[in-house]
2 protein chains.
Amino acid sequence: MKFEAVTIKDIAKALGLSTSTVSRALRDSYEISPETKKVVLEYAKEINYRPNPIALSLKEKRSRSIGIVVSEIANSFFSQAINGIESVAHSKGYNVIITQTHESYEKEISSLQFLSSRSVDGCLLSVSTETQDFTHITDLHNRGMHIVCFDRLVGEMETHKVSVDNFKGAYDATTHLIKNGYKRIGHLSNSQYLSITKEREAGYRKALEDNQIEYDENLVKECFHGGMLYEEVEDAMNKLMKMKQKPDAIFASADKLTTNCMRYCKTKKITIPDDIAVVGFSNLDLTELLSPSLSVVRQPAFEMGTIAAELLIKMIEAKRATTDFENIVLPAEVFERESSVRRKKK
Amino acid sequence: MKFEAVTIKDIAKALGLSTSTVSRALRDSYEISPETKKVVLEYAKEINYRPNPIALSLKEKRSRSIGIVVSEIANSFFSQAINGIESVAHSKGYNVIITQTHESYEKEISSLQFLSSRSVDGCLLSVSTETQDFTHITDLHNRGMHIVCFDRLVGEMETHKVSVDNFKGAYDATTHLIKNGYKRIGHLSNSQYLSITKEREAGYRKALEDNQIEYDENLVKECFHGGMLYEEVEDAMNKLMKMKQKPDAIFASADKLTTNCMRYCKTKKITIPDDIAVVGFSNLDLTELLSPSLSVVRQPAFEMGTIAAELLIKMIEAKRATTDFENIVLPAEVFERESSVRRKKK
DNA sequence: TTTTTTTACGCAATCGTTTCCGAGAACGAT
DNA sequence: ATCGTTCTCGGAAACGATTGCGTAAAAAAA
């Protein structure tokens, strides 16, 4: 507020009262006479007085605002989750500060630093692909900051966690490919630092195993930036397509991996699903409009956001420190479309 | 910051100094002896002292943070613009607070209220479709808040503005359709309250006029929420497709209008571009992957963000009040793909 | 009428930081 | 030896709000 704002002092001066009286009148304290209250309230409304939240934050050490740290708001999953978070936060009178890390460890540190120093009452966090060392998070947590993790979890932290059943999502997607006759299934995986990466990989492996398909580690390509860079996907796909035994299907572990895989195929004139099938995690809302329409594992992003926000606010408003932490796991659903189903006639 | 933080007082107490000395030492004031400075700085580093920005904001009435108000972060145009904004803001030492209105006038008011009360040094604003009355913005502006408008402008406000040449973008897109043999061009337009809507409509009309095609107001359908609701697009399209003389092409004025128009055609088994051609404003980064690939008018969103942020920060850091306001207009480019080009053989 | 209680309000501290002002000490100049 | 500077530093006010405590006046009880 660079500009002049109305303060409690202005009211006090104008009305010939003390600031304490004005403050109490505004807060409807019992020790202020009805008449004084009326005068103060009316005048406050007249000049459009708004308490200065900065001053309040300084005094009360809380701000009725919560912070969000995600990697990329352009990612549909995160923008949907954010909408979920906002819907409950606003309904409970909290403001929301959104920050993004662009998958950078440094930016994650500075985002958290910013949020904590701006006195947010708590944070919703989904770590970046680069983040291997979690001490910047656990330190903050140990110093009393309320943090709820969602999607990409921090294993060693004792707090509420909200995620999807990545294992089952990956298992189902892989099984779906197998059921459709695909046998040599490549896997574009995300940064190994992420909890979700390992879970999805495990689901993929278990599905192979349950269908007596041998696991081939050469079919699994890690894309450290989760597909943010087209080049890493291109590189991974090039390697897969140069194999003696090329994969006949791809299971991609993240949104950008999935779409960039499609982009790769389109560029290289590789026909989906005839030359290769594709299924991947994605929350895009126009997968039906793609060519071919894209089979996806979809996460209940909005719902995750609402649950995470509710848990956070519950924790913030709890009288005593929370000791009983929830680990919510929501289902991820496979949507079968054209990209992973063999066509009758070629 | 619910949790205990190190303050300047702690340092003063520990070192047997006064807070003023510590403060000055930390700010490298000339009136503090080198030895004292050294001791203070070392101790500050040791206990990881960070100045409390809340207290600073209260004192200095500035926060080195800027606010963003957009309708929807899930919209590619906005998320790209935000990335542009963040890139320059961070490089100049500013933090960014992102808020979204979901095209709601009420939310726009509360967003601005939140940002101003949180003492942001300035705002980047793109108004919501619902916003007809701009007094909440101009009031804030008159009270000294630095505001830069981008994309959707507030005509009556004297400030920097950054937008694209919507007239020419629309003109080019419509001309492109005409050149490809389409004559009866429907137009899905956005809320009439928005500056961009009128400009784009004007470009559309001028293109028709320059090509001796009569303007038919029945071919123009306003979608008040800019396509956010599928139903409004469905409704508009239904009306268009029920006309005696159906349109053979659609020019859509916004991202969601474009994609929801495609969704409509897919649902109704209307083949693009054979039954109807489609071109629209969009910043989607996977239009090539759509079926058919989508012709779009694309805006330099990232660049708009950087320019807007630079102007804002320049204004914030200016010694004297800015009186000379810039009105930057960037080009919008038409990308011709399959959705708007007649195929040789049906 | 005197004492006690209640009512209604003001003073001042507090949150963390900056900064104006003042002041003691050291030092050079006279 | 005395005076004026310069160098360092501390005290206290200020930013806007809340709140514990004190207190004068009014009301109630004695």
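Numbered from 1 within each chain, the chains take letters A, B, ... in sequence-line order.
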A correct 5'-to-3' footprint of nucleotides 11-18 of chain D, with B, S and - meaning base, sugar-phosphate only and no protein heavy atom under 4.0 Å, is BB-BBBBB
Is any N or O donor-acceptor pair between the side chain of B/E31 and the base of D/dC7 shorter than 3.5 Å? no
Side chains of A/T129 and A/S191, donor plus acceptor under 3.5 Å: no
Classify the nucleic acid contact of A/I54 as base, sugar-phosphate or nothing, counting any heavy atom under 4.0 Å across all strands shown. nothing
Using a cut-off of 4.0 Å on non-hydrogen atoms, how would the nucleic acid contact of B/T36 be classed: base, sugar-phosphate, or nothing? sugar-phosphate
Just list the side-chain donor-acceptor pairs under 3.5 Å for residues 21-29 of chain A, sequence neighbours left out, or say none.
| residue | atom | partner | partner atom | Å |
| --- | --- | --- | --- | --- |
| A/T21 | OG1 | A/S18 | OG | 3.0 |
| A/D28 | OD1 | A/K37 | NZ | 3.2 |
| A/S29 | OG | A/E31 | N | 3.2 |

Over all atoms of both residues, closest heavy-atom pair of B/F78 and B/V70: CD2-CG1, 3.5 Å
Determine the minimum heavy-atom distance between A/S63 and A/V120, stating which atoms define it. OG-CA, 3.5 Å
Sorted by first residue and then second, give each side chain to side chain donor-acceptor pair (under 3.5 Å) pair with at least one member in residues 148-160 of chain A; sequence neighbours left out. A/E103-A/R152
